Structure formats: structure tokens, C-alpha cells
Amino acid sequence: MTQELPPRLEPRAIEPARYRAWQDGGYFHVSASAVLEEGREPFVIVIPPPNVTAALHMGHGLNNTVQDVLIRWRRMQGRATLWVPGTDHAGIATQNVVERQLATEGLHRDDLGREEFVERVWEFVTETGGTILDQLKAIGASCDWERTRFTLDDDLRRAVREVFVSLYEKDLIYRGEYIINWCPRCLTALSNEEAEGEETQGSLWHLRYPLPEDAWGAAADARKAGAESVGQLDDGRWYLTVSTTRPETMLGDTGVAVHPGDGRYEGLVGANVELPLTGRTIPVVADHHVDPEFGSGMVKVTPAHDKNDFEIAGRTGLELLDVMTPDAHMSDAAPEAFRGMERFEAREAVLAALEDEGFVAGTDAHTHSVPRCYRCGTVVEPRLSEQWFVSMKPLAEPALEASRNGEVTFTPAHWKKVYEHWMENIQDWCISRQLWWGHRIPVWYCPCGEQIVSREDPTACPKCGGEALEQDPDVLDTWFSSQLWPFSVFGWPKETDDLKAFYPGHVLSTAPEILFFWVARMIMMGYEFMGETPFRHVYLHATVRDKYGRKMSKSLGNGIDPLHVVEELGADAMRYTIVSQAAVGTDISLDHENVEAAFANGRNFANKIWNAGRFALMGLGQGPVRALADVGDDLRLEDRWILSRVAAAGDEATRSLERFRLHDFAEGLYHFFWGEVCDWYLELVKSRLADDADARSKEAARSTLVTVLDRAFRLLHPVVPFVTAELWSRLPWPEGRSRPADLIVADWPSDHESWGDEAAEGSFRDFQSLVVEVRRLRKEYGVGEGQRVGIHLWGGPDDFGDVIESLGGALDQLARVDRVEAEPSSGVGAHAVLPNGAELFIPLEGVIDVARERARIEEEVGKLEGLLAGVRARLANQQFVENAPEEVVAKARENGAQLEDQLAKLREKLAGLRA
RNA sequence: GGGCGCUUAGCUCAGCUUGGUUAGAGCACCUGCCUUACAAGCAGGGGGUCGGGGGUUCGAGUCCCUCAGCGCCCACCA
């Protein structure tokens with residue numbers, strides 16, 4: 001019953017039911033046999049698994065809408081379309097959340113112990129883990145929920161174990177003591193990617209290290225050679241100057257380094273410098289890493305707290321001295337005065353002590369990048385530590401080649417360069433984390449010294465037979481399991497049918513900031529373990545920002561909750577708004593302070609579609625609709641025009657989607673549907689549907705309307721699935737055509753060749769420009785809205801007369817023109833030339849009160865002339881021009897110019913009315 | 001320090017790959033309409049020297065150089 005449709009779209013009334021119907025219909029699911037047995041071409045996307053504890057934010061909203069658009073489109077094209085959903089256990093993030101929960105109970109994870117803590121996390125995850133997936137359903141995501149995976153599922157554990165052991169066997173995983181990024185709050189190692197640099201306004205302190213007396217001669221020589229960093233203290237002692245941004249680390253210095261070729265310091269190499277505050281002396285060494293051009297050309301070396309210094313120590317044999325505890329307090333290795341101090345407190349204390357003894361040579365303001373933990377924001381401490389690493393260079397090679405030779409492509413294209421640059425400079429990956437939540441490292445240690453790396457949990461040491469094996473306490477970086485996602489979700493390392501059918505996937509859509517964390521590593525793992533790329537195309541979506549251009553984030557509180565948008569305005573409104581804004585390579589700005597306004601465009605469009613459908617359902621009536629082919633002879637110009645246009649719109653939509661131009665896809669259809677179907681075709685077809693006297697015209701209109709809406713709804717469905725599916729299901733169906741079970745699986749329109757009709761499009765364009773021009777003139781000359789006029793129309797294309805004749809009734813409907821004469825005319829009235837060269841004249845004598853209109857215009861002219869005279873007088877006044885603020889004068893000039901323009905137009909009008 | 005990108009209407013952005021009608025959209029604004037699909041609408045309208053400068057060309061928002069401002073990524077310069 002079409003009367004039931006309310007005049008405003010109520011998304012809540014249709015969306016949840018629609019979604020349930022799709023799920024119940026099994027449309028989201030596809031089995032391997034569709035590919036392996038039926039031979040259908042697959043189309044596969046694996047979802048970027050959101051953190052299991054996450055709540056949906058606008059970034060998810062955008063990314064998953066993008067994926068759903070592609071998925072729905074391909075599904076309609078008949079591909080065996082699979083979108084695999086799931087969540088990530090998100091090691092640090094999840095552990096932090098549960099630790100915070102514990103903290104509210106006054107507990108620490110140590111109070112529970114490892115097992116109980118992990119159990120607690122599982123409880124939490126089991127309770128809340130499904131939330132974000134349910135939220136995806138609300139925005140319409142058509143994932144195959146039967147295949148939902150979690151990165152800690154048994155299958156995926158097996159994959160992780162296999163990959164770790166396999167890489168270890170290939171010597172691509174090793175354990176060693178190196179400087180790694182350490183978060184003193186999370187108490188774990190981090191990868192380079194997890195330590196995010198933040199530009200910070202800091203200081204560079206210059207410190208003096210006194211030289212022993214036997215080096216004073218060499219020091220004096222160095223000074224003479226131009227080494228300004230060598231000098232004498234008040235008491236006559238010579239010293240060297242070194243610089244640092246982290247003075248507290250000087251307590252762990254074990255040397256000072258210069259470049260081997262730096263002649264200035266030649267005599268000082270080998271000298272033992274006094275390290276202030278510590279009572280230690282440290283040697284001056286030569287190492288080629290030191291840049292003689294930079295600063296003093298002399299560097300303090302802190303091997304246990306700096307990556308470069310560690311390497312220098314490796315080459316020069318300097319000692320390693322760790323002066324900090326894991327939680328970044330000064331350790332027992334530091335002088336007593338500083339022990340137990342927090343690092344920044346120690347920084348102040350060290351500086352104060354050095355200052356006291358005259359060892360601070362100066363301070364410069366210094367802006368540099370300070371690494372922070374990507375999870376908690378704590379300043380990362382470079383720390384000497386034994387960890388597990390992956391050798392990345394060999395793995396990167398095929399993944400780099402894949403980008404170079406186009407096996408993997410990127411949208412926007414410029415990410416290709418970013419990806420390749422990173423791949424070319426790839427560094428080893430620290431994968432062990434001192435956490436409890438995650439994939440435990442599959443390595444056991446026997447008291448006999450044997451290290452066992454095994455696919456199966458060992459029960460006894462293969463070397464000594466001992467059973468007192470200890471498993472490595474650490475877990476793997478979350479991204480170690482995420483990188484296997486494209487094949488682990490299909491059951492690898494087992495050779496499953498799913499794997500055969502659905503690997504490799506096609507598109508990977510995600511945020512640019514995890515290109516290195518995740519995308520690059522998936523590609524490397526794909527080549528290493530599957531022998532080919534996990535996906536051919538990487539789509540990096542826009543960043544969602546607020547109206548001030550700031551990234552939406554929890555901490556800024558400037559986020560928009562997609563569920564709130566769905567609730568208030570509908571999923572369709574949200575989807576259209578963000579897709580239409582997601583132009584390649586740009587960001588999306590949404591006003592978080594006025595959500596309704598931010599999504600108004602999408603909401604209005606969904607409502608427009610709704611009303612167009614309502615109109616059709618009411619206007620079509622109950623009778624059977626004939627197939628288009630059966631009414632072919634009765635089609636009128638506007639019918640042939642709109643059929644041709646819907647064909648063109650379909651071609652454009654397909655082209656846009658093929659190129660990942662989702663913005664063009666959405667906007668193109670918006671303009672087609674609103675600007676052509678609604679503004680023109682529906683307006684023209686109204687009277688025909690209501691006119692029972694001309695049955696042939698009415699039937700042609702009904703057939704055309706049904707056909708056009710069917711097509712349009714199909715094209716629109718990927719971006720606004722709910723409103724289109726709802727209306728489509730109610731649309732009457734032409735006789736003789738079989739009807740798909742649901743719009744979600746209706747064929748994507750592609751047979752457009754036979755529908756194109758350039759002649760009809762050209763003729764209709766001529767008609768449109770005539771209507772627009774008549775409307776404009778009517779408005780300009782104050783012709784009342786209901787007032788009919790006659791027009792004269794001459795010149796232009798040969799067939800223009802025929803066009804006007806066939807659309808005569810339409811001209812009356814759209815522009816209130818009841819008489820068209822083909823003869824030239826002039827006199828009192830309005831005249832214009834159309835784009836196609838035809839001349840248009842509207843006699844206004846007797847239509848409007850010409851004398852009154854003339855008087856009205858004259859009055860207006862008088863008024864404007866007065867204003868203009870005033871402006872001119874001001875501008876003629878030297879004092880005003882010289883003394884008034886510049887912008888006031890400029891404004892006056894601008895006003896004058898505007899007034900002159902307006903006057904010219906009015907005078908032209910007057911001339912027409914006098915004729 | 002390297003690499004990349006951006007600057008077009010009041011705001012947010014398309015358009016540049018392949019130079020060529022009058023540079024577009026949404027929102028905002030002005031005018032007139034509650035015309036029975038839709039006022040979340042209809043009709044009409046105003047608003048841009050395409051960041052500055054230079055060059056190539058018959059022709060530049062589009063290609064090249066340069067300057068300025070903004071942003072992103074990478075990096076061990078103490």
C-alpha cells in the first residue's frame with residue numbers, strides 16, 4: 001500500500017529490517033564452491049580488522065563504507081564477492097584498557113599474575129569484542145559474518161606459529177641485544193613504527209669534559225687548529241665540549257668520539273677525559289660516523305642509551321653502561337646522588353650539578369623530533385635490551401618489486417613513492433613485546449642452554465632430554481599476526497578450498513597511517529608464504545577531520561559517532577555524505593559541532609530519492625506495466641531522452657568505480673538523479689500519468705518511469721543501499737521480465753549501447769535551455785507565477801519547431817507558455833537569444849502592466865542613480881580618498897562599479913519595454 | 001636533512017593525467033513560491049584577476065621555473 005509511505009524518509013523504519021532481510025537471505029555469504037565449482041570470478045576484500053576493544057569512529061565509517069560500495073557493486077556484477085570481517089587482538093591497546101580497569105579496582109596486573117590476567121582480558125574481549133562488528137552492520141556493511149575471524153583464533157595461532165618458525169628456520173628471525181625503542185610506561189619494546197616522532201621545542205646543552213694534564217698540550221694544539229670546542233677553564237684545566245639533548249644520559253657515557261680524519265683532534269684521540277659527576281674517565285675514540293662538519297665535530301658516546309652510540313661502541317670497543325631502570329629511573333649504575341630519580345628529574349639534577357662545577361658551556365634552543373609511544377604517548381627511551389627481530393631486507397625485495405612492476409597499485413598514486421622509499425630503507429623489525437596479551441613467542445629455553453623453536457609445544461629438550469623447559473615470556477607485536485590476515489583468515493597453513501578460491505584478494509582499503517605498520521608487511525608476507533601479492537590494489541582513504549582541519553580524535557573530543565548519525569539521519573545519509581566527499585587524495589572535513597548540517601547533503605539526497613520513489617509508486621497506479629519494447633512506438637522525446645541519460649549515467653558510474661573515483665561516482669549519480677530524473681523527467685511525466693485520455697502516452701510513460709527508476713536504483717544502491725532497496729522492492733515490474741529476488745543481487749546495468757540516443761539528447765537540451773530562458777525572463781520582468789504567456793521563437797536548428805511541438809504541453813507545464821509562434825516579433829516585451837541560436841521574444845503588452853513595470857524600473861533607476869551620485873561625490877572628495885581607511889575607499893569604488901552595472905541592466909530592460 | 005603533497009567562490013572541496021565553449025559542486029547568501037513526490041522542497045539570482053612572479057604556447061586554473069604560506073611522511077646529526 002503505497003499510501004503508507006510517509007513524505008519524509010524515516011531511516012529507522014526501514015534500515016534495520018532491510019539489513020536483516022539481506023542477512024537472512026544469505027546474500028553476504030559466498031562459498032569456495034562458487035569459484036572452484038561454478039567457475040565464477042571472485043572479488044575479495046579482507047577487512048582491516050578493527051581493534052577488538054574499539055568503538056566505531058568516523059574513520060571506520062568512511063573506510064567500511066568505501067569497502068561496502070566496492071563490494072556491493074561487484075556483487076551486482078555477478079562476481080563471487082566476499083568481504084571477510086574480523087577483529088584484531090591489539091596487544092598493547094587491549095592490555096592497556098584492561099590494566100586501566102584493574103587500576104580502578106586498585107589492582108595491578110602483577111597482583112593477578114599472568115594466567116589470571118590473560119583470563120581477565122579474554123573475559124573482557126568476549127563481553128565487548130563483538131560491539132564494533134555490530135556497529136558495522138548499522139552502517140550497512142555487507143560482510144560475510146559467517147567468516148568472522150579474530151587474530152587469536154586457533155587457526156590464526158597456527159598461522160602465526162608456522163610463520164615464526166619458518167622465518168626462524170630461514171634465518172630471517174634472530175634474537176639479540178640491541179638498542180630498541182622502549183616505552184617506560186607500557187614496559188615493553190616497540191617497533192620503529194610504534195615510536196612516533198613529535199616535533200618538540202627542546203634544548204641542546206653544551207657540556208664540558210675536563211682533559212687530563214697529559215693531554216693539555218694536544219688540547220692547545222687542537223685549539224690552534226681551530227677547534228673552538230676545546231678550551232680552558234678558569235682554573236687552567238683544558239676541556240672538551242660535547243652537546244646533548246638528554247643530559248641525564250651523560251652518566252652513561254663511556255667515550256667521546258671524533259672523526260678519524262679530523263686533523264684538529266688528531267692528538268686527542270686516545271686521551272682519557274674526565275667524566276664529570278661520576279669519577280670515571282672515558283677515552284676519546286675515532287669513528288667515521290662522526291660528522292666533522294656538524295657542531296663541534298665531537299660527540300659524547302652513550303652506547304646503552306643511543307642507537308648510533310651503540311654502533312660506535314661496537315666498532316671501537318667502548319663499554320656498554322646502562323644507567324636506567326626499565327621504568328626510566330636512574331639505576332644503581334648511576335652515581336649515588338642520582339639513583340632512583342625519574343629521568344626528567346635526573347636531567348634537571350645533572351644539569352644543576354654540572355652548572356655548579358662550571359661544566360655547562362651553554363644552551364641552545366633546539367627543535368627536534370621526540371619519539372613517543374603510539375599507544376600511551378610516553379616519551380620512548382632508547383634502551384639496550386635483548387629482543388627478537390625479523391630481518392626485513394630479504395622480505396622487502398619482492399614486495400618492492402611488486403610496486404615497481406605494477407603488480408600492486410595504489411590510489412592515490414603518489415603513495416607508491418612513499419611505499420617504495422620506505423621499502424628501500426627498511427630496517428629490521430623488533431617483534432617481541434614484554435606484554436601478556438598476544439601470541440606467545442614459540443621458543444623454549446632449557447637450563448642446558450638449548451633454545452627450542454618449535455611448531456609444537458615441546459615436552460623435553462632434544463639435546464639433554466631435560467623437561468624443565470621455560471617458554472619465552474614475551475608475546476609478538478600485534479602486527480605480526482595482522483600481517484598474515486589475508487591468508488590466515490582462509491585457514492593457512494592448511495591448503496583449504498577457501499584459500500584456493502579467495503587468495504589473492506583484490507582491494508585493500510585502509511588509512512594511510514598504517515601503510516607501513518600493516519599494508520607493507522602484508523605484501524611482504526604474501527610473497528614470502530603464498531608466492532604472490534595478497535591484493536592487487538591498495539586504496540588509501542581520506543583522513544576525517546573536523547571543520548578546523550584537525551584530525552578527529554578521542555583526545556580532542558572532536559569526533560563524530562557514526563552510530564549517532566545513523567540513528568538521527570540514517571546510514572544512507574552518512575554513506576552518501578562521506579563518499580561524495582572522498583575525492584582521491586584529499587581529506588574530509590565534517591563539522592562535529594553541527595552534525596545535522598555536516599550530513600545534510602546526504603540526508604537531503606536520501607530523502608529526495610525517497611520522494612521520487614513515493615511519487616512513482618503513487619502515480620503508476622495498480623495496473624500492469626508493459627515492457628519497454630512493447631511501447632517502443634509510443635515513446636516520446638522525453639522518454640527517449642531519459643533512457644539515453646540513464647544509460648550514460650550507468651557508463652559513467654561504472655567508469656568511476658573502476659578507477660576508484662568514488663567521489664565522482666556518488667556525485668555523478670546525484671546530479672543525474674536529482675537534476676535530470678527529478679527536476680525534468682518526473683515533472684514532465686506527471687501530467688501523462690494523470691491523463692487517462694491518452695492511454696498510449698500514459699503506458700509509454702509508465703514503462704519508461706519504471707525502467708528508469710529500476711536502473712537508477714541499481715546504480716545508486718552501492719552508496720545508498722537502504723532507501724534504494726526499499727523502494728525497488730515496491731516498484732511495479734514490467735510484464736515479461738524476470739525480477740531478481742532483491743536489489744542487492746540485481747544485475748549491474750551494463751547493456752547500455754542500445755539505449756543511447758544522441759538525437760533525443762540534443763533536442764531535449766534545446767528544449768531545456770528554452771524553458772530556463774523563459775523562466776528567467778518571466779522572473780526578471782515580474783510576470784506572475786500562474787500567468788500564462790505566449791512566445792515567439794524563430795531561427796535556430798531546423799528541427800527546433802518539431803521539438804517544441806512535440807513538447808508543447810510540457811512547455812506549458814514547466815514555463816507556463818500556452819502559445820508558440822514561429823514568426824519573428826518585436827515590440828514591447830523581453831528578448832533573448834538561446835544557446836542554439838534561436839531567438840526568443842515574449843510580448844508583455846497586456847501580460848504585465850507595462851506602464852507600471854516601467855514606472856517601477858524607472859523608480860529603481862532613480863534610486864540607484866541617487867546612490868551612485870552619492871558614491872561618486874564621496875570619491876570625488878580628495879579629503880575622503882586621502883584620509884579614509886583604504887578598505888573603506890576600496891569598498892566605495894566597488895559599490896560604484898556595482899551600481900553602474902545594475903543601472904546598465906535596468907536601462908536595457910527599460911529600452912525593451914519602450915520598444 | 002631528505003621525500004611527497006596542498007594553495008580555485010564566505011566555508012569545504014572537484015577540475016590539472018591528455019592545455020581549447022561562459023572554471024563547477026555541496027553548504028552558506030539574496031529574491032519569489034506552503035504548485036497535492038519532496039519546504040530536508042521548487043523556480044530564479046549574486047559571488048572567483050584559480051597563492052605571488054616569470055616562462056613555454058595562437059591559447060595556461062591545467063605544462064615548466066621561481067618565491068611565499070600550509071600540511072604529511074621518512075631520517076641516528078649529537
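Convention: sequence-line order gives letters A, B, ...; per-chain numbering from 1. Keep in mind that what you see is a predicted model, and the values were worked out from it rather than measured.
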Tell me whether the side-chain N/O atoms of A:Asn607 come closer than 4.0 Å to OP1 or OP2 in B:G41.
no

Hey, does the side chain of A:Lys779 come within less than 4.0 Å of B:U31's phosphate (OP1/OP2), counting only N and O?
no

Quantified in whole Å, what is the P atom distance between nucleotide B:U21 and nucleotide B:G5?
27 Å

Strictly below 4.0 Å, heavy-atom distances to any atom of RNA chain B: list the hits from residues 244-252 of chain A, or just say none.
A:Thr244

Ignoring hydrogens and geometry beyond distance, is the side chain of A:Arg603 in donor-acceptor contact with the base of B:A40 at under 3.5 Å?
yes

A:Ala600 near the nucleic acid: base, sugar-phosphate alone, or nothing, with a heavy-atom cut-off under 4.0 Å?
nothing

Using purine N1 to pyrimidine N3 plus N6-O4 or O6-N4 for Watson-Crick, or N1-O2 and O6-N3 for G-U wobble, each under 3.5 Å, what pairs with B:G47?
none

Please evaluate the base of B:A40 for a donor-acceptor partner in the side chain of A:Glu596 within a cut-off of under 3.5 Å?
no

Hey, is A:Glu652 close enough to A:Arg661 for a salt bridge, meaning N to O under 4.0 Å?
no

Please confirm whether the shortest side-chain N or O distance from A:Arg776 to OP1 or OP2 of B:G44 is below 4.0 Å.
no

Counting only distance, no hydrogens or angles, is the base of B:C77 paired donor-acceptor with the side chain of A:His289 under 3.5 Å?
no

Separation of the P atoms in B:C6 and B:A43, to the nearest angstrom:
36 Å

What integer number of Å spans the C1' atoms of B:G52 and B:C70?
15 Å

Between B:G15 and A:Arg661, is there an OP1 or OP2 to side-chain N/O distance shorter than 4.0 Å?
yes

Using the C1' atom in both, what is the distance from B:C11 to B:G54, to the nearest Å?
32 Å

Report which part of the nucleic acid A:Arg8 touches: base, sugar-phosphate, or nothing (heavy-atom distance under 4.0 Å, all strands).
base

For A:Thr249, run the side chain to side chain donor-acceptor pair (under 3.5 Å) check against A:Arg347, A:Glu381, A:Lys300, A:His305 and tell me which one passes.
A:Lys300

Tell me the partner of B:C58, counting only Watson-Crick (N1-N3 plus N6-O4 or O6-N4) or G-U wobble (N1-O2 and O6-N3) with both under 3.5 Å; none if nothing fits.
B:G20

Distance, C1' atom - from B:U31 to B:G47, rounded to whole angstrom
15 Å

Using only heavy-atom distances, decide whether a donor-acceptor pair under 3.5 angstrom links the side-chain of A:Lys417 to the base of B:C4.
no

Complementary nucleotide of B:C6, counting Watson-Crick and G-U pairs under 3.5 Å
B:G69

Taking 4.0 Å as the cut-off, does a side-chain nitrogen or oxygen of A:His366 come that near to OP1 or OP2 on B:A78?
yes

Indicate, with a heavy-atom threshold strictly under 4.0 Å, whether A:Phe516 touches base, sugar-phosphate, or nothing.
sugar-phosphate

Give me the distance, rounded to whole Å, that separates B:C64 from B:A23 when you measure between the P atoms they each carry.
23 Å

Integer angstrom distance from the C1' of B:U8 to that of B:G3:
26 Å

Does A:Lys416 place a side-chain N or O at less than 4.0 Å from the phosphate oxygens OP1/OP2 of B:G5?
no

Should B:G1 form a Watson-Crick or G-U wobble pair with both distances under 3.5 Å, which nucleotide is its partner?
B:C74

Whole-angstrom distance between B:C76 and B:G61, as gauged at atom P:
44 Å

